Amino acid sequence: MDIFAKIKHFFVAGEQEKTTVKEPEKNEHPSLEHTIRQFENSMDFIHRTYPHCKVDVIYLAFLVGNDQLLQEIIQPFTDADEEQVKTVLSRSQYVVVVDSKECIKGILNGKAAVFFRGSTYLVDIAKPPGRSIDQSETETVISGPHDGFVENIGQNLGVLRQRLKSSHLKFIKLEVGEVAKNVVVIAYIEGLANQEIVDELIRRIQRIEYNAVTDSNMLIQFIDENPNSIFPQFMTTERPDAIVSKLVAGRVAGFVDGSPSGFTCPTAFFDFFSSPDDYYQRWLIGTALRFLRLIGFLITISFTAFYVSVTTYHYEMIPHTMLLNLTESRAKVPFPPLLEALLMETTIELLREAGARLPTKVGQTIGIVGGIVIGQAAVQAGFTSNILIIAVATSAIASFVIPSYIMSASIRLIRFGLIIMAGILGNLGLLMAIGMVVIHLAGVTNMGTSYLTPLAPINFKDMLDTYIRGPFWALRSRPTIVKTPNKKINKMRK
């Protein structure tokens with residue numbers, strides 16, 4: 001009997017909790033008492049009263065600016081009578097609201113709610129906290145612009161509008177979050193972006209049911225088509241010039257208020273290997289850098305796995321001049337190559353994570369000193385061989401040439417799977433693992449487009465800006481992935 005009572009109490013408590021956080025019904029007229037109840041027990045909740053003119057003002061202290069508060073609230077109402085209040089409230093900046101939800105939303109956005117004779121007005125006195133525009137710490141470039149997005153979506157859209165001076169640049173405002181609603185803005189160039197992709201992106205965002213979505217990297221996990229894939233399906237960046245280049249190519253961008261990064265779609269796998277630096281240098285140099293990144297990708301996923309495969313099953317593949325050195329190096333190692341490689345790869349990942357979490361100066365010291373000391377000590381103690389240290393270090397360095405951090409993290413994790421398969425089945429296992437990765441990539445889609453384009457399906461024209469960075473005169477057409485006709489900007493301006 002006690003068990004049923006506890007179950008009943010659990011459900012009743014849940015219903016009471018739901019009732020507590022339930023928002024007012026739509027079109028309910030805002031009242032002073034109800035608004036006070038919504039924000040009570042909060043230290044930043046301010047309720048100013050002016051009894052002589054029967055005015056009450058409610059706002060959140062941390063979201064408003066002192067100058068705006070003085071100009072719009074304190075000075076107009078301090079010594080005003082009721083007739084003067086009517087004159088003040090007739091100004092354009094004081095907007096009448098008749099919906100209680102709209103009133104609460106306005107206060108949460110930094111506005112002040114003014115209550116006078118049964119009517120409610122909102123006046124904008126917002127000055128939210130934020131930082132000034134600065135260089136991105138995660139996406140540095142040698143040449144080109146050095147500004148980056150910040151956490152304020154208004155500033156981000158302003159930077160975007162300043163860079164892309166076109167009346168065809170459109171912004172669509174949405175809201176996500178069941179408990180804490182946050183602003184999401186979709187940006188695209190009308191006439192270049194595929195309207196079907198824009199509409200589909202809007203539908204996916206509107207279907208999100210979650211308490212709070214606070215970052216772009218969090219939002220894209222709700223709207224991608226393959227949530228269980230290890231590979232990122234949306235490009236995220238903190239650089240305005242990268243977003244602009246995607247927009248003029250016909251892609252769609254998105255921003256979340258409070259997030260310093262935007263995202264673009266549709267995105268292909270090879271997009272994560274391009275950098276804004278490629279377009280600020282000669283096209284031959286940009287092409288060489290892209291080839292270098294693709295070679296680094298192949299090295300980072302296969303070099304250590306190939307070492308494990310050869311030293312476990314395929315000694316005949318090792319040249320005779322190296323075989324003696326390798327045998328001497330592994331003579332004192334008590335572990336099989338598979339366990340040896342997994343141990344060193346895990347150590348490298350621990351050092352990488354420790355360097356990322358510690359303060360900058362300390363993190364660099366830990367990464368360099370820790371890698372050298374641990375590697376040298378492991379070789380001298382006989383826990384690993386010199387050649388494996390070289391293979392692991394080369395794979396780690398090769399992963400750093402990939403511009404996208406989220407793609408680099410995905411590739412590092414895949415490397416462990418390839419090492420295990422190589423240790424179990426040798427070269428056959430390595431090829432099987434690579435084949436499974438390729439098959440998985442071929443089945444991934446992003447906004448209805450192939451993730452492996454222009455490799456599958458093959459499109460030679462798009463390869464001019466994929467594996468190589470072709471000259472600008474050859475990059476006039478829009479990518480096939482956006483499914484838009486080739487339109488010139490001059491034609492759009494008509």
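Just so it is clear, the model here is predicted, and its values are computed rather than measured.
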Restricting to non-hydrogen atoms, name the atom on [X] and the atom on [Y] that form the minimum distance, rounded to 0.1 Å.
X	Y	value
S229	V444	OG-CG2, 4.2 Å
I243	A253	CG2-CB, 3.9 Å
C53	E82	O-CG, 4.0 Å
G286	R469	C-CB, 4.0 Å
A268	T453	CB-O, 3.5 Å
M235	T267	N-OG1, 3.4 Å

List the steps, then state whether side-chain contact (heavy atoms from CB on, under 4.5 Å) holds for E151 with S259.
CA-CA 5 Å; E151 288 75 13; S259 174; over 6 Å; no
Using a 3.5 Å distance criterion without hydrogens, assess whether the side chain of [X] forms a donor-acceptor pair with backbone atoms of [Y].
X	Y	result
E225	G448	yes
N152	Q155	yes
Y94	E72	yes
D124	A126	yes
T300	S395	yes
S399	A396	yes
R412	M407	no
R239	G148	no
T237	A242	no
N182	A212	no

Greater than 12 external heavy atoms within 6.0 Å of [X]'s [atom1]:
X	atom1	result
D79	CG	no
N66	CG	no
E209	CD	no
K170	NZ	yes
Y210	OH	no
E196	CD	no

Nearest-0.5 Å distance, [atom1] of residue [X] to [atom2] of residue [Y]:
X	Y	atom1	atom2	answer
H440	I230	NE2	CD1	8.0 Å
M436	I414	CE	CD1	11.0 Å
I104	K111	CD1	NZ	13.5 Å
L69	Q75	CG	CD	10.0 Å
I153	K173	CD1	NZ	9.0 Å
D257	E175	CG	CD	10.5 Å

Any side-chain heavy-atom pair from [X] and [Y] closer than 4.5 angstrom?
X	Y	result
T445	S450	no
V150	P260	no
V85	L89	yes
I58	I46	no
T264	V252	no
F171	L160	yes
V114	I73	yes
L292	F273	no

For a quick check under 3.5 Å, do [X] and [Y] share a side-chain donor-acceptor pair by atom type?
X	Y	result
Y280	D241	yes
E345	T304	yes
D224	N226	no
D44	Y59	no
D199	Q195	yes

For salt bridge (Lys or Arg N to Asp or Glu O under 4.0 Å), just list the numbers for E102 and K105, CA-CA rounded to whole Å, side-chain angles, deciding distance to a tenth of an Å, and then say yes or no.
CA-CA 5 Å; E102 185 179 353; K105 178 182 174 182; over 6 Å; no
Salt bridge (Lys or Arg N to Asp or Glu O under 4.0 Å) for E349 and R352? Distances and angles first, verdict last.
CA-CA 5 Å; E349 291 302 319; R352 189 200 308 266; 3.2 Å; yes
Verdict with supporting geometry, F116 and V88, side-chain contact (heavy atoms from CB on, under 4.5 Å)
CA-CA 11 Å; F116 176 69; V88 172; over 6 Å; no
Using 30° and 60° as the class boundaries, would you call the ring planes of [X] and [Y] parallel, tilted or perpendicular?
X	Y	answer
H47	F45	parallel
F77	Y50	tilted
Y451	F231	tilted

Taking the six-membered ring for Trp and the full ring for Phe, Tyr or His, determine whether the centres of Y405 and F272 are under 6.0 Å apart.
no
Measuring centre to centre across the rings, with the benzene-like ring taken for any Trp, is F270 within less than 6.0 Å of Y467?
yes
Are any of the side-chain nitrogens in [X] or [Y] under 4.0 Å away from the carboxylate oxygens of its partner?
X	Y	result
E200	R203	yes
D278	R293	yes
D277	R290	no

Verdict with reasoning, R91 to V123, per side-chain contact (heavy atoms from CB on, under 4.5 Å):
CA-CA 10 Å; R91 299 174 185 172; V123 57; over 6 Å; no
Sole candidate of V176, V256, I172 that passes side-chain contact (heavy atoms from CB on, under 4.5 Å) when paired with I205:
V176
Begin with the C-alpha distance, continue with both residues' side-chain angles, and end with the deciding distance and a verdict on side-chain contact (heavy atoms from CB on, under 4.5 Å) for T120 and V96.
CA-CA 6 Å; T120 306; V96 179; over 6 Å; no
Tell me, with the steps shown, if R251 and D271 meet salt bridge (Lys or Arg N to Asp or Glu O under 4.0 Å).
CA-CA 12 Å; R251 289 175 167 86; D271 290 341; 3.3 Å; yes
